[in-house]
Amino acid sequence: IRTRNGFFLFSAEVSATASGEHGLEMTLEKVVKAWEGLPLPVLNHRNQKDLWILADVTEVTTLIEDHMVTIQTMMGSRFITDIRDLVSVWDLKINTAADVLDEWVQVQRSWMYLENIFSAEDIQKQLPAEAAKFQTVDKMWKDVMKKTSQNPRVIAAVEVPEGENPAGKLAMFQRCNKLLEEVQKSLEDYLETKRSAFPRFYFLSNDELLEILAQTRDPQAVQPHLRKCFDAINRLKFGAEAKSVDILAMISPEKEEIALGRNLKARGNVEDWLMNVQRNMKDALHKLLKQKQRVTKQVLLKLLLKVLVK
């Protein structure tokens with residue numbers, strides 16, 4: 001159809017379509033180039049050989065969010081027909097990267113917290129099933145992070161090798177998170193049983209209580225936390241030997257010392273012998289008050305006799 005100016009409307013439409021398609025191709029090319037060399041930042045953990053963790057992934061997550069918007073805009077364009085399949089491929093890649101990275105960061109957060117706990121032999125012995133679950137995740141985590149450190153490109157890190165299940169890496173991290181959630185739930189239940197047995201443990205945070213439980217073979221491990229459990233006990237006085245389990249006295253913040261009787265031992269479960277400390281504390285204070293009461297009565301009686309004599 002010829003216009004008054006001699007141009008063909010058909011030609012204008014073809015030109016607009018070509019321009020639109022070229023614009024989309026250029027946009028997609030920018031997206032692809034941005035991901036080609038983008039590194040997933042990793043760093044060495046605690047200076048241990050071949051032990052790695054993710055560093056700050058803010059740059060990666062920001063790029064993911066920006067490109068998700070870009071891809072969705074492209075998918076809604078009427079000029080996408082010729083490159084729809086390629087755009088769909090990158091839509092899947094970027095969404096997979098977002099899902100995998102989200103699960104990955106969550107695994108790292110839980111793994112780093114639980115690693116400190118299950119590195120203690122005492123905790124491993126008290127929670128053998130949970131320790132086994134953590135070891136399963138620990139092995140997978142170290143293997144994945146070692147491979148990532150060797151090839152830290154984001155796309156390489158989140159993609160699954162050809163021929164394998166495309167959701168394999170995502171499913172692996174989801175399984176790790178499920179196991180770690182189960183471990184944390186069991187750990188919280190375990191701490192609750194300890195607090196039920198010795199209610200003064202409710203004054204301590206989970207980390208403080210775990211610090212004690214991770215060192216059950218060392219009675220002295222309770223010393224930094226006694227002030228929170230007992231208002232007026234700053235420390236317990238143990239026997240003279242370095243590893244003595246004999247508890248001799250309680251010492252107040254003002255350095256006052258009160259004997260706790262004989263045969264009080266820091267043996268067995270920490271909550272049990274602390275209950276014995278509490279019981280002996282009450283008995284010792286009760287006896288001391290009765291003694292003071294008798295002395296006070298004698299003093300008052302002497303004063304009264306003096307008054308009467310006069």
Side-chain angles (χ1 to χ4, degrees), residues 10-43 50 52-111 136-137 139-181:
F10 178 74
S11 298
E13 179 64 24
V14 169
S15 176
T17 300
S19 296
E21 290 175 351
H22 179 70
L24 291 181
E25 288 171 357
M26 294 299 293
T27 300
L28 181 60
E29 186 178 341
K30 288 181 181 179
V31 170
V32 174
K33 284 185 176 179
W35 285 92
E36 279 179 353
L38 183 68
L40 187 63
V42 297
L43 54 86
D50 293 331
W52 306 86
I53 59 173
L54 296 176
D56 186 1
V57 295
T58 303
E59 181 182 347
V60 179
T61 55
T62 299
L63 190 66
I64 286 174
E65 291 169 0
D66 290 345
H67 283 177
M68 287 175 76
V69 173
T70 300
I71 293 293
Q72 287 305 307
T73 301
M74 292 174 69
M75 293 293 284
S77 173
R78 65 189 181 90
F79 303 118
I80 197 174
T81 304
D82 290 345
I83 59 170
R84 181 182 296 277
D85 290 345
L86 188 54
V87 173
S88 295
V89 167
W90 276 94
D91 183 41
L92 178 61
K93 284 186 177 185
I94 292 170
N95 277 282
T96 299
D99 293 339
V100 170
L101 196 58
D102 185 55
E103 295 287 339
W104 198 333
V105 170
Q106 180 58 45
V107 171
Q108 173 165 298
R109 188 179 297 115
S110 300
W111 175 82
T136 299
V137 175
K139 186 177 183 302
M140 286 190 285
W141 173 262
K142 289 176 179 177
D143 182 57
V144 167
M145 290 307 303
K146 183 178 180 180
K147 290 178 180 177
T148 303
S149 70
Q150 294 167 348
N151 184 8
R153 288 174 55 245
V154 175
I155 291 298
V158 301
E159 279 187 334
V160 177
E162 189 175 349
E164 295 185 20
N165 181 3
K169 189 159 284 188
L170 177 60
M172 182 197 69
F173 282 126
Q174 289 173 335
R175 179 170 177 252
C176 287
N177 273 320
K178 185 174 184 299
L179 287 172
L180 292 175
E181 285 173 7

Determine whether [X] and [Y] make a side-chain contact, defined as any pair of heavy atoms from C-beta on separated by less than 4.5 Å.
| X | Y | answer |
| --- | --- | --- |
| Val60 | Pro41 | yes |
| Val154 | Leu63 | no |
| Lys146 | Gln150 | yes |
| Asp50 | Lys142 | no |
| Met75 | Ser88 | yes |
| Ile94 | Val31 | yes |

**Message:** If we ignore hydrogens and angles and just use 3.5 Å, is the side chain of Gln174 paired with the main-chain N or O of Glu103 as donor and acceptor?
**Reply:**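 A pair under 3.5 Å: no.
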
**Prompt:** Under 3.5 Å, side chain of Ser110 to main-chain N/O of Val107, donor-acceptor pair present?
**Reply:**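 No; judged by distance alone, with no hydrogens or angles, the pair does not exist.
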
**Message:** Between Gln106 and Arg109, is the side-chain contact (heavy atoms from CB on, under 4.5 Å) condition met? List the steps.
**Reply:** CA-CA 5 Å; Gln106 180 58 45; Arg109 188 179 297 115; 2.8 Å; yes

**Asked** When you look at CZ of Arg153, are more than 12 heavy atoms from neighbouring residues, nucleotides or ligands closer to it than 6.0 Å?
**Response** yes

Do you know which two heavy atoms are closest between [X] and [Y], and how far apart they sit?
| X | Y | value |
| --- | --- | --- |
| Leu180 | Trp111 | CD1-N, 4.0 Å |
| Val158 | Thr96 | O-CG2, 4.4 Å |
| Met140 | Met172 | SD-CG, 3.9 Å |
| Ala157 | Lys169 | O-NZ, 2.6 Å |
| Met68 | Ala98 | SD-CB, 4.2 Å |

**SB check Lys139 Asp143 (cutoff 4.0 Å)** =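 The answer is no: the pair does not qualify as a salt bridge.
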
Let me confirm one number: the [atom1]-[atom2] distance from [X] to [Y], rounded to the nearest 0.5 Å.
| X | Y | atom1 | atom2 | answer |
| --- | --- | --- | --- | --- |
| Leu86 | Leu24 | CG | CG | 11.5 Å |
| Ile71 | Leu92 | CD1 | CG | 11.0 Å |
| Ser149 | Leu43 | OG | CG | 11.0 Å |
| Glu59 | Leu38 | CD | CG | 6.0 Å |
| Lys33 | Glu36 | NZ | CD | 7.5 Å |
| Thr148 | Ile53 | OG1 | CD1 | 12.5 Å |

**Request:** Take Trp90 and Thr70 through the side-chain contact (heavy atoms from CB on, under 4.5 Å) test and state the conclusion after the steps.
**Result:** CA-CA 11 Å; Trp90 276 94; Thr70 300; over 6 Å; no

**Prompt:** Does the side chain of Asp91 come under 3.5 Å of the side chain of Asn95 through a donor N or O and an acceptor N or O?
**Reply:** yes

**Prompt:** Does the side chain of Trp35 pick up a donor-acceptor pair with the side chain of His67 at under 3.5 Å?
**Reply:**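 Yes, because at least one side-chain N or O of Trp35 sits under 3.5 Å from a partner of the opposite role on His67.
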
**Asked** In terms of the angle between their ring planes, are Phe173 and Trp141 parallel, tilted or perpendicular, with boundaries placed at 30° and 60°?
**Response**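 Judged by the thresholds at 30° and 60°, the geometry between Phe173 and Trp141 is perpendicular.
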
